Enquirer: 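Mind looking over this structure? Questions follow.
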Amino acid sequence: MIRQATDADLKAILTIQRHAFGEEDEAELVRKILDDASAQPTLSLLAFDDDGLPIGHILFSKAHVDGASAFLLAPLAVIPEYHYKGTGQRLMKEGLKLLKENGTDLVFVLGPPDYYPRAGFKNNAKKLGFAPPNPIPRQYDDAWMVINLTGTEATGQVRVCDTISAQEYWSA
Ligand SMILES: CC(C)(COP(=O)(O)OP(=O)(O)OC[C@H]1O[C@@H](n2cnc3c(N)ncnc32)[C@H](O)[C@@H]1OP(=O)(O)O)[C@@H](O)C(=O)NCCC(=O)NCCS
C-alpha cells in the first residue's frame with residue numbers, strides 16, 4: 001500500500017531513509033526539505049508491507065523551469081530487507097501519476113543512471129536542454145535525468161529549492 005505521508009509519519013520516514021542509505025545524510029536532507037519554504041509544495045509518499053509496516057519513502061520537491069511546472073525527486077529509499085520487490089518502482093510510478101494529475105510537466109532526478117530510466121526517466125537531461133542547478137562532474141552527465149509527463153516543449157535552466165541548491169549535493 002502507498003499513501004501520502006503526514007506530519008505524524010516523520011519518524012518512520014527518517015528511519016527508512018537512515019536504514020536504506022546506512023547513514024544520516026539523506027534523513028537530514030529529508031528533514032531540511034520538508035522544512036524548506038522554497039521546496040513547497042512537496043509530495044511525500046510512504047510504502048507499507050502487507051502488515052502495515054512502513055518500508056519505503058519517496059520525496060518530490062518543487063523545482064522551476066521557465067514555462068513549465070517542475071519537481072525534483074530526492075531522495076528515494078526502501079529498507080534493505082524489502083529490496084528487489086518492486087517497491088521503489090511502485091513509489092516512483094505512484095508519485096509520477098499524482099504529479100501528472102496535478103499538472104506537472106517535468107520531473108528531474110540526480111541518481112543511478114540505470115535505475116530511474118526503468119520508470120521512464122531519460123539520461124543526460126543537460127543534453128536534452130535542461131541545465132542542472134549546479135555544475136555536475138562530466139562523468140555523471142547520465143545521472144542527471146528528466147521525465148517529460150505532458151510533452152511540454154519547455155527547456156532551460158532548472159532551479160531547485162534552497163536546501164538542494166547547495167553544491168555538496170551536485171559534486172557526487
Ligand atoms: C534504489 C532502491 C530505492 C531500489 O529499491 P527496490 O524496491 O529494491 O527497487 P525495485 O524492486 O523497484 O527494483 C529493483 C531493481 O533495481 C535495481 N537497482 C537497485 N539499486 C540500483 C542502483 N543503485 N542502480 C541501478 N539499479 C539498481 C536492482 O538491481 C533490481 O534490478 P532487477 O529488477 O534487474 O533485479 C533501494 O535499493 C534503496 O533504497 N537503495 C539505497 C538508497 C538509494 O540508493 N536510493 C536511490 C538513489 S537516490
Side-chain angles (χ1 to χ4, degrees), residues 1-5 9-34 36 39 42-63 70-100 104 106-126 130 132-147 149 158 160-172:
M1 196 263 282
I2 292 177
R3 67 159 170 79
Q4 294 205 33
D9 295 314
L10 183 61
K11 199 172 162 201
I13 290 169
L14 299 182
T15 302
I16 291 169
Q17 292 288 347
R18 208 173 276 133
H19 197 160
F21 283 93
E23 58 181 28
E24 190 61 28
D25 293 11
E26 289 75 15
E28 194 50 35
L29 175 65
V30 168
R31 194 199 294 272
K32 281 188 190 164
I33 293 171
L34 292 173
D36 182 343
T42 55
L43 176 63
S44 177
L45 299 177
L46 262 179
F48 296 82
D49 74 359
D50 292 342
D51 297 324
L53 182 79
I55 58 167
H57 176 248
I58 194 167
L59 184 60
F60 299 87
S61 54
K62 191 79 184 91
F71 277 78
L72 179 83
L73 189 179
L76 165 64
V78 175
I79 60 174
E81 295 82 352
Y82 286 81
H83 283 178
Y84 306 108
K85 293 175 190 287
T87 307
Q89 290 292 327
R90 281 196 290 279
L91 280 165
M92 277 194 285
K93 282 198 178 124
E94 180 66 12
L96 294 172
K97 187 186 104 185
L98 292 171
L99 289 172
K100 187 174 179 181
T104 303
L106 301 165
V107 182
F108 297 90
V109 66
L110 180 69
D114 46 357
Y115 182 70
Y116 290 99
R118 292 166 182 237
F121 282 88
K122 303 266 186 259
N123 296 113
N124 203 335
K126 189 176 168 191
F130 300 102
N134 280 315
I136 297 173
R138 181 158 296 189
Q139 68 265 36
Y140 298 117
D141 275 353
D142 269 349
W144 173 235
M145 291 170 265
V146 62
I147 183 167
L149 298 174
V158 181
V160 295
C161 68
D162 294 345
T163 300
I164 305 177
S165 294
Q167 178 60 37
E168 63 181 289
Y169 296 117
W170 302 88
S171 33

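Remember, it's 1-based here, ligands and their atoms both numbered in the order they're listed. Keep in mind that what you see is a predicted model, and the values were worked out from it rather than measured.
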Enquirer: Quick one: list whatever passes side chain to side chain contact (heavy atoms under 4.5 Å, CB included) with N123, sequence neighbours left out.
Expert: P113, P117, D142, M145
Enquirer: Just jot down the salt bridge (Lys or Arg N to Asp or Glu O under 4.0 Å) partners of R90, sequence neighbours excluded, or say none.
Expert: none
Enquirer: Report the residues that fulfil ring pair (Phe, Tyr, Trp, His ring centres under 6.0 Å) with F60, sequence neighbours left out, ordered by chain and then residue number.
Expert: none
Enquirer: Tell me which one of E23, H19, R18, E24 satisfies side-chain contact (heavy atoms from CB on, under 4.5 Å) with F21.
Expert: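 When E23, H19, R18, E24 are each tested with F21, the side-chain contact (heavy atoms from CB on, under 4.5 Å) holds only for E23.
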Enquirer: Just to be sure I understand the cut-off, which residues have at least one non-hydrogen atom under 4.0 angstrom from an atom of ligand 1?
Expert: A20, F21, L76, A77, V78, H83, Y84, K85, G86, T87, G88, Q89, P112, D114, Y115, Y116, R118
Enquirer: Rounded to the nearest 0.5 Å, what's the gap from CD1 on I147 to NZ on K100? Could you check?
Expert: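 Spacing of CD1 (I147) from NZ (K100) equals 9.0 Å.
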Enquirer: Looking only at atom types and distance, does a side-chain atom of N134 sit under 3.5 Å from a main-chain N or O of W170, one as donor and one as acceptor?
Expert: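 Checked: no pair found.
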